[in-house]
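Working notes, structure below.
If you read the sequence from its start, that first residue is 1, and numbering goes on from there. Remember, it's a predicted structure, so these values are computed and weren't measured experimentally.
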Amino acid sequence: TSYIENLVTPLCGVYTLGGLNPDFASFSDLNLALNNAGITCPVTINVRDGVYDDQLLMSSVPGNSFVNTITIQGESGDSSLVRLEHANTATHIVFNVSDIKGLTLRDMTFDNNSNSNEVNSFFVIDCDSVEISHCKFEARGNGMNSQYYQGNYLRIEDSRGCVIKNNNFSYESSISIRAESSSRYTDVRILNNTNIRGRYGLIYLSRNSSYVGGKVLFERNSMSDCYQTFYIDCRDNGNSDTIRVLNNTATRKSTLNYTDWNYFLFYELDDHSVFRGNIMDNTSSIFSRALDSIVGNRFSNITNRSAIYVERGSPFIANNYIHTKGQLDSKGIYVDATQIASKDSMVIAHNSMEIMGTAGSSSTGLHIDADVSNITVKNNIFSAKGGGLPVYVGVPLTNLDWDYNCYYTTGNNLANFNGTNYSTVSTLGAAMGSDANSLNLNPFYSSDNNLSINNSQLQVGDYMINLPL
């Protein structure tokens, strides 16, 4: 007999769902019991193997607290054997949990099969201390095989203490975080998830002066074929957002035609923000507004676009491998002329570039449009094996610290400074009033994508200390 026959008795302890002689025959029965009778102690629901055409809908469960927690898990520990799927063409919701404390969802598959495109199907709203782990997210969207941005979202809204880890997003779903509360500081960790794909791999939005903002750690995840791998926008909320994007891998098939230069990885990232240790292969640009540091990343096969585009702010850009290519405009690091005062004291150091673009002076390693005061450019390798221009600086720079760099090109010029081409380091250094110890050498990279150097003359330099993390 299903427990649903008695809705006045609160739950306490361990229960079963599905299979033979269960406590709950369906997720709908479980929803009714939790939302009406509530709980009086920690509750665990063991979901038996099977396919459930249903929804998980919980909100403000009576008696729920940080002590009286709720765990819903696949009994077998194999997410492929417990499948919650639904095809609601109006809401597209498979699960929606709101105002829940201490919730764990584990070892299950969640599938929106409403044949929908780019919708929110899996919701965590106004919750505290939620863990979703070892689950699989699926979405049968129209055209998923040909238009990879049409996946579904796991949407986390105004929640804190959330951990999303070790899940498989099946190349059909991705993650949306909204920090839009005026009282609750959002706190989410996204760790070790695989096969993330959608219009955005990770989207974080907190754009209003009344929002208190949030903290996000996005680490060791893998993404593939996203329209924009990251879209992070926390302008104008007037509070401190902390964003860490660390040690992730993002790839894109070379056959996909995402060449529009407006498709950025970062957009309007404010306050305490770090992009470090990521592998980006054939992706869009990092579009940096107020990004603190871009450190230790590997950019490869960046085609007909800039690997790093600095529009505003003074990021610390160091220890990156950057490989670009293509027959159109491409740049390793592009510092544009907008909001130039915000770029004061920028540091570009210890980066290794291989610019394979064949567009001549439009294929550049470091491109600076305007006067960035107090800029430091040291210990970089600007190699333009495709015949491009290692460095372009549009105007004289105020109080620059520029030295110990290596320039190489198969073309005619090493740099263009203040409208004049220079083919030797000595003449460039004289014009800049700096660069006395730089060299014109082939770094002899191990390969176009492996930028380990094999030229012994480049094993020295003026090392920098106190690199920001």
Side-chain angles (χ1 to χ4, degrees), residues 27-28 30-31 34-35 45 47 51-59 61 70-74 79-80 82-100 103-141 144 149-180 186 188-205 216 218 221 223 226:
F27 279 90
S28 292
L30 176 63
N31 296 336
L34 287 172
N35 292 324
I45 308 298
V47 184
V51 177
Y52 302 87
D53 185 358
D54 209 337
Q55 296 170 291
L56 174 62
L57 306 172
M58 290 191 297
S59 178
V61 172
I70 301 172
T71 298
I72 303 174
Q73 61 187 8
S79 63
S80 67
V82 176
R83 186 180 191 87
L84 175 61
E85 62 181 31
H86 200 60
N88 189 320
T89 56
T91 68
H92 310 289
I93 292 174
V94 176
F95 72 72
N96 187 336
V97 295
S98 63
D99 189 26
I100 303 294
L103 172 67
T104 298
L105 301 178
R106 185 164 52 216
D107 298 323
M108 294 182 286
T109 292
F110 303 106
D111 179 19
N112 169 31
N113 58 17
S114 64
N115 203 30
S116 56
N117 296 328
E118 199 180 6
V119 294
N120 300 294
S121 300
F122 320 103
F123 285 86
V124 177
I125 302 175
D126 295 325
C127 291
D128 199 327
S129 301
V130 172
E131 178 184 309
I132 302 177
S133 62
H134 300 283
C135 291
K136 189 174 184 181
F137 293 86
E138 297 183 355
R140 301 175 187 173
M144 276 300 295
Y149 58 85
Q150 295 178 331
N152 289 186
Y153 291 115
L154 166 61
R155 176 162 170 159
I156 303 167
E157 182 176 324
D158 300 332
S159 297
R160 61 189 178 191
C162 293
V163 179
I164 312 300
K165 65 179 184 179
N166 301 315
N167 300 288
N168 181 355
F169 283 78
S170 309
Y171 299 111
E172 295 177 342
S173 300
S174 55
I175 299 162
S176 174
I177 301 172
R178 306 297 176 102
E180 299 177 341
T186 296
V188 182
R189 287 179 290 164
I190 312 294
L191 309 171
N192 299 305
N193 300 284
T194 62
N195 303 326
I196 297 171
R197 183 172 69 180
R199 179 182 290 273
Y200 309 106
L202 169 67
I203 180 170
Y204 173 83
L205 296 179
V216 175
F218 191 78
N221 302 284
M223 297 150 282
C226 296

Which distance, rounded to the nearest 0.5 Å, do you find between the [atom1] of [X] and the [atom2] of [Y]?
{"X": "Leu154", "Y": "Ile164", "atom1": "CG", "atom2": "CD1", "answer": "5.5 Å"}
{"X": "Thr91", "Y": "Asn120", "atom1": "OG1", "atom2": "CG", "answer": "11.0 Å"}
{"X": "Asp126", "Y": "Ile156", "atom1": "CG", "atom2": "CD1", "answer": "12.5 Å"}
{"X": "Ile100", "Y": "Ser59", "atom1": "CD1", "atom2": "OG", "answer": "6.5 Å"}
{"X": "Arg197", "Y": "Phe169", "atom1": "CZ", "atom2": "CZ", "answer": "13.5 Å"}
{"X": "Leu202", "Y": "Ile190", "atom1": "CG", "atom2": "CD1", "answer": "7.0 Å"}

Taking side chain to side chain donor-acceptor pair (under 3.5 Å) as the test, write out the residues that go with [X], two or more places apart.
{"X": "Asp128", "value": "Arg160"}
{"X": "Ser129", "value": "none"}
{"X": "Asn168", "value": "Asn195"}
{"X": "Asp158", "value": "none"}

**Request:** Give the ring-plane orientation class for Phe95 versus Phe110, where under 30° counts as parallel, over 60° as perpendicular and anything between as tilted.
**Result:**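 It falls in the perpendicular class, over 60°.
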**Request:** Anything under 30° is parallel, anything over 60° is perpendicular, the rest tilted; go ahead and classify Tyr52 against Phe27.
**Result:**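 Because their plane-to-plane angle is over 60°, the rings of Tyr52 and Phe27 count as perpendicular.
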For [Y], does its backbone N or O pair with a side-chain atom of [X] as donor and acceptor, under 3.5 Å?
{"X": "Asn113", "Y": "Glu85", "result": "no"}
{"X": "Thr104", "Y": "Thr71", "result": "no"}
{"X": "Ser98", "Y": "Ile125", "result": "no"}
{"X": "Ser170", "Y": "Phe137", "result": "yes"}
{"X": "Asp107", "Y": "Val82", "result": "no"}
{"X": "Ser174", "Y": "Tyr153", "result": "no"}
{"X": "Thr109", "Y": "Ser79", "result": "yes"}

**Request:** Could you pull out all residues at least two apart from Asn166 that satisfy side-chain contact (heavy atoms from CB on, under 4.5 Å)?
**Result:**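 By the side-chain contact (heavy atoms from CB on, under 4.5 Å) rule, Asn166 matches His134, Asn192.
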Closest heavy-atom pair and its distance - [X], [Y]:
{"X": "Ala139", "Y": "Asp111", "value": "N-OD1, 3.8 Å"}
{"X": "Leu103", "Y": "Met58", "value": "CD1-CE, 3.8 Å"}
{"X": "Ile132", "Y": "Asn167", "value": "O-ND2, 2.9 Å"}
{"X": "Leu84", "Y": "Asp54", "value": "CD1-O, 3.3 Å"}
{"X": "Ile196", "Y": "Gly201", "value": "CG2-O, 3.5 Å"}
{"X": "Leu57", "Y": "Asn31", "value": "N-OD1, 3.1 Å"}

Taking the side chain as everything from C-beta on, heavy atoms only, tell me whether [X] gets closer than 4.5 Å to [Y].
{"X": "Glu131", "Y": "Lys165", "answer": "yes"}
{"X": "Val94", "Y": "Asn152", "answer": "no"}
{"X": "Asn221", "Y": "Thr194", "answer": "no"}
{"X": "Gln55", "Y": "Asn96", "answer": "no"}
{"X": "Cys127", "Y": "Val97", "answer": "yes"}

**Prompt:** Using a distance-only test with no angle check, is there a side-chain donor-acceptor pair under 3.5 angstrom linking His86 and Asp53?
**Reply:**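 Yes, a side-chain donor-acceptor pair sits under 3.5 Å.
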**Item:** side chain to side chain contact (heavy atoms under 4.5 Å, CB included) evaluation trace for Ile72 with Met108
**Value:** CA-CA 9 Å; Ile72 303 174; Met108 294 182 286; 3.8 Å; yes
**Request:** Quick one: do Val61 and Asn35 satisfy side chain to side chain contact (heavy atoms under 4.5 Å, CB included)? Show the steps, please.
**Result:** CA-CA 5 Å; Val61 172; Asn35 292 324; 4.0 Å; yes
**Request:** State which residues pass salt bridge (Lys or Arg N to Asp or Glu O under 4.0 Å) with Lys136; sequence neighbours excluded, sorted by chain then number.
**Result:**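 Per chain and number, Lys136 pairs via salt bridge (Lys or Arg N to Asp or Glu O under 4.0 Å) with Glu138.
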